[in-house]
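Below is one structure; the comments refer to it alone.
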Amino acid sequence: MPSQQDPAPQVDEPYFTGADPGYNTPRHGCANGGHICGVQIETHYDGVRRTLTDRSNFATALADVYPDFLAQFGIRIEPQAQTPPTPGDEIIVDNLNSFNDPAKARFATSGSWVDGNNSQSHGLNFRLLSNPSAKDTAEFRFHVPTPGAYAIDAWWPA
């Protein structure tokens, strides 16, 4: 929402309206002199953000419609040619996202992870758990532009 079928929330429907008139878009949007031109998207948790599958389906649907949305404002997104990886290409997903290429790799945790390091650390440090539980998750996300079979290696200190 909004959409042609559902132009506004019902009186009793939970809906985040943000601070009037919003914060991120007016403060950072390029229409008011900001340096980032973008769209702020607020979504429901259930069915959109709750699970990895929900987030993946939402991202796919958004990527499909976003170029049409931007075209209303004269902004055209032209698809870029994807080159298949060549033998020996690597994507390393580090636990510090500042070391990751944001177009190719991201790392995320939930729960009680803490930083650690020793002589076996890759880069500056690693993440570890003292008392792991089911709520403590780690996700190593990466993008491979061409479908195929790939070797995936994992490494961690002893």
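Values below: all heavy atoms of this structure, side chains included; hydrogens, waters and symmetry mates excluded. Throughout, residue positions are numbered sequentially from 1 according to the sequence presented.
- Proximity of a side-chain donor or acceptor of Arg55 to a complementary backbone N or O of Arg49 within less than 3.5 Å is detected.
- Using a cut-off of 4.0 Å between Lys/Arg side-chain N and Asp/Glu carboxylate O, Asp115 and Arg127 are scored as salt-bridged.
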Next item on the list: Quick one: do Val144 and Phe142 satisfy side-chain contact (heavy atoms from CB on, under 4.5 Å)? Show the steps, please.
Entry: CA-CA 7 Å; Val144 179; Phe142 55 93; 3.8 Å; yes
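- Salt bridge annotation for Asp46-Arg50: present, with a cationic side-chain nitrogen under 4.0 angstrom from a carboxylate oxygen.
- Each of Trp113, Phe107, Phe140 was checked for a side chain to side chain contact (heavy atoms under 4.5 Å, CB included) with Asn95, and the lone residue meeting it is Phe107.
- Hydrophobic clustering of Ile, Leu, Val, Met, Phe, Trp and Tyr side chains at less than 4.5 Å, counting indirect connections, keeps Val93 apart from Leu96.
- Rounding to the nearest 0.5 Å gives a distance of 7.5 Å between OG of Ser110 and CD of Glu139.
- Interatomic distance, CZ of Arg106 versus CG of Asp101, reported as 10.0 Å (0.5 Å rounding).
- Residues Phe58 and Tyr66 share a single hydrophobic cluster, defined by chaining ILVMFWY side chains whose heavy atoms lie under 4.5 Å apart.
- Between the OG atom of Ser112 and the CG atom of Leu129 there is a distance of 7.0 Å, given to the nearest 0.5 Å.
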Item checked: Audit row: Asn117, Leu124, side-chain contact (heavy atoms from CB on, under 4.5 Å) steps and yes/no -> CA-CA 7 Å; Asn117 70 36; Leu124 296 179; over 6 Å; no
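- Side-chain N/O atoms of Ser133 and Asp136 include a donor and acceptor closer than 3.5 Å.
- Under the 3.5 Å distance criterion, the side-chain polar atoms of Ser56 are left unmatched by any main-chain donor or acceptor of Leu52.
- For the pair Lys104 and Glu90, the salt-bridge criterion is not met [side-chain N within less than 4.0 Å of a carboxylate O].
- Side-chain contact of Asn100 with Asn97: a donor-acceptor pair under 3.5 Å is present, judged by distance alone.
- Taken to the nearest 0.5 Å, the CZ atom of Phe126 stands 5.5 Å off from the CG atom of Leu128.
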